[in-house]
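What follows is a short report on a single structure.
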Amino acid sequence: MPQTYFSYLVLILLTVYLVNKVRIRLQLSRAKHPSLRGHSKWSRRIAKHIPFFAYSESEFFSSDGAPQNIIKQRQSALLKLKTHVQQTSPKTLAHSAALEDSISDVRFTSHYRIPFPYRNQLSQELKLGSIVEQTQGSKIKDLDGNWRYDLSGSYGVNVFGYDFYKECMAAGAEKTKDLGPALGSYHPVIAENVEILKQVSGLDEVSFHMSGTEAVMQAVRLARYHTGKTHLVRLCGAYHGWWDGVQPGIGNSRKTHDVYTLSDMSDNTLHILNTRKDIACVLINPLQAFHPNSDSASDVSLIASDRATHFDKKAYTAWLHKIREVCSKRNIVLIFDEVFTGFRLSYRGAQGFFGIQADLVTYGKTLGGGLPVGVLTGTHALMKRFKDDKPVDVSFARGTFNSHPHVLAAMHEFLQRIQTPEIQAMYLASEPLWNDRVSQFNQRLSAAGVPIKITNMHSILSVIYTQPSRYNWMLQFYLRQAGLELSWTGTGRLIMSFSFTEQEFSDVIECFVKAAKNMQQDGWWWQAPELSNKAIKQQFMSDMLCTKFPILARLLPQPLKQLAPKSKQTEALEQVNSANELKSSTDVNHIQKAG
């Protein structure tokens, strides 16, 4: 009998344990964003099974069900774009073509400018070179002498304009010309750099690295080292460099089990932070305030016109304060990844912009004064890489080119210059300035009657498409023709430098309007009542599934293919077939009656 009671007790305890495990797992699931972006492992698994398919030459121009006259209009327009590029950029195209088979980055970016089903046809018709030889202020020049306004921002490096950084680099090189690559020792400018970075970050210590990715790696390593906990929390859609430890989804083939991807601006996420015991740190990329729970927008994902941004500074500030509070309460390290936002959103970066003090902060991009750099700042307790009572228990991080004298000297020039009254005044006026500029931008677009609008978070802009279309990604090529330089991600993110004058920004608006009107006149934004974002995505899904499972071709809905009008040749052929079928049917009837 006692043995029976013991068995029951064990069964009850096991049941309670399993129920509790399920409850905890469900809480974690509720804290994840419902999209595939919020489920990193599933996104990676599904990505492996998505087949490549390419639209034929005729489908390329009619994938939205456009009629024959629009198809011909588009064919003619693409030919004109191609001819213009070939005539105005022969040297640039030749140099780019020579690189594509030898530099993996070039091959990747050339394949991921547009949605993949259009890739094969477009790559044969239109090439864009990415070879440049001169910059000046807010402009950049290719090998053929074409000057364009630069909206790429050099991936975020270019906050103050190209001339500013050329001066920083030249002055820095002059300071260290007698030293060369003396590594391991420090140039004297490091002391002043550190003091300024401590003041900017509000923290105690600094470590130098060669990239933002490296700085983030060190921040996460130190957080785990000092808390003794295993897991990192990142917010859905956030980018923190290409290291697989912060990129558990698509793009990383290694399985990552110590990262939680949780929903941005969610009470369920706060509950997880407040209850789990395995969370070492929360990693925040403040740029996510521009588009919470979404990846950085890129033209490669412009399947339909459902790109959106949702910047609400007040709401996101309140959200960050809640995270700060729970991190302090639960001994979770709050890391701000300011590699992109640092020294752009304000003098103190996102910390100053949102009024939050983090425990560790990473910087990069613009801080190097034009040269590559990564920096980590933190409290004395968190930056310590060894333990006094455990001499072999260390957190190692070192790199040959950390604290490179040329980088530190250019950084010193950068930090000196941004403290001048002129730059400080620029910082104070920058947020309302860019909001006003974007407002003017949208007024001009609305007056022109084109189906786009601009949204912004400070000086970071995005293009939103206001009517359903499958061809929004074509705008990047029209913008280039009009004199605007974009990054390879296209219209998803326009990174503006503070060097743009009012006249230059007005020029950008006019270039933009000209490009959009040309694209509109060329038929790429053709409309039909049945053409909706839902129908576009349904058609794309059908095309993809039919590639994977051809047997489904007759079963799946084809909402856009039904829109496409038949050519006269097709109609004539169908009339002949119909007549033949009718004649055959009549002959059969005669035979049956005779029988």
With sequence neighbours excluded, tell me which residues meet ring pair (Phe, Tyr, Trp, His ring centres under 6.0 Å) with Trp526. none
Between Cys168 and Arg417, the two heavy atoms sitting closest are SG-CD, 3.6 Å
Value rounded to 0.5 Å, distance of CG in Asn120 from NE2 in His111: 7.5 Å
Check the angle between the aromatic planes of Phe160 and Phe164 and answer parallel, tilted or perpendicular using the 30° and 60° thresholds. tilted
Closest approach of Lys91 to Leu143 (non-hydrogen atoms, all atoms of both residues): CD-O, 3.9 Å
Set of ring pair (Phe, Tyr, Trp, His ring centres under 6.0 Å) partners for Phe343, sequence neighbours left out: Tyr363, Phe414
Glu57 atom CD: more than 12 heavy-atom contacts under 6.0 Å: no
Please check this pair: side chain of Asn252 against backbone of Arg254, looking for a donor-acceptor N/O pair closer than 3.5 Å. yes
Just so I know, are the side chains of Trp42 and Leu36 near enough to count as touching, which here means a heavy-atom distance under 4.5 Å? yes
Tell me whether the guanidinium CZ or amine NZ of Arg119 lies under 6.0 angstrom from the six-membered ring centre of Tyr112 and within 45° of its axis. yes
Residues forming a ring pair (Phe, Tyr, Trp, His ring centres under 6.0 Å) with Phe549, sequence neighbours excluded: none
Axial cation check for Phe61 ring with Arg74, 6.0 Å and 45° limits: no
For the pair Phe53 and Phe116, name the ring-plane relationship: parallel under 30°, tilted 30 to 60°, perpendicular over 60°. perpendicular
For a 4.5 angstrom cut-off between non-hydrogen side-chain atoms, does Thr491 reach Leu479? yes
Only one of Ser497, Ser138, Ser154 passes side-chain hydrogen bond (donor to acceptor under 3.5 Å, both in side chains) with Tyr162; say which it is. Ser154
One pair to check against salt bridge (Lys or Arg N to Asp or Glu O under 4.0 Å): Lys139 and Asp507. What are the steps and the verdict? CA-CA 12 Å; Lys139 288 186 172 183; Asp507 292 345; over 6 Å; no
For Arg234 against Thr261, the heavy-atom pair lying closest together: NH1-OG1, 2.9 Å
For the residue pair Phe498 and His458, does the interplanar ring angle fall in the parallel (under 30°), tilted (30 to 60°) or perpendicular (over 60°) class? tilted
Heavy-atom pair with the smallest gap, counting every atom of Ala304 and Lys537: CB-CG, 4.2 Å
Residue that, paired with Tyr471, satisfies ring-ring contact (aromatic ring centres under 6.0 Å, His included) out of Tyr118, Trp525, Tyr55: Tyr118
Could you check whether atom NZ of Lys72 has more than 12 heavy atoms from other residues, nucleotides or ligands sitting under 6.0 Å from it? no
With a 6.0 Å cut-off (strictly less than), is the heavy-atom count around NZ of Lys313, excluding the residue itself, greater than 12? yes
Before giving the answer on ring pair (Phe, Tyr, Trp, His ring centres under 6.0 Å), spell out for Phe505 and Trp434 the whole-Å C-alpha distance, their side-chain angles and the decisive distance to 0.1 Å. CA-CA 10 Å; Phe505 195 79; Trp434 285 100; 5.8 Å; yes
Find the distance between NZ (Lys82) and CG (Leu122) and round it off to the nearest 0.5 Å. 11.0 Å
Regarding Lys453 and the six-membered ring of Phe441, is the cationic atom NZ or CZ under 6.0 Å from the ring centre and inside 45° of its axis? no
Cation over ring, Arg37 on Tyr239, under 6.0 Å and within 45°? no
Heavy-atom count around Lys141 NZ within 6.0 Å, excluding the residue itself: above 12? yes
Would you please classify the geometry between the Phe311 ring and the Phe354 ring as parallel, tilted or perpendicular, with 30° and 60° separating the classes? perpendicular
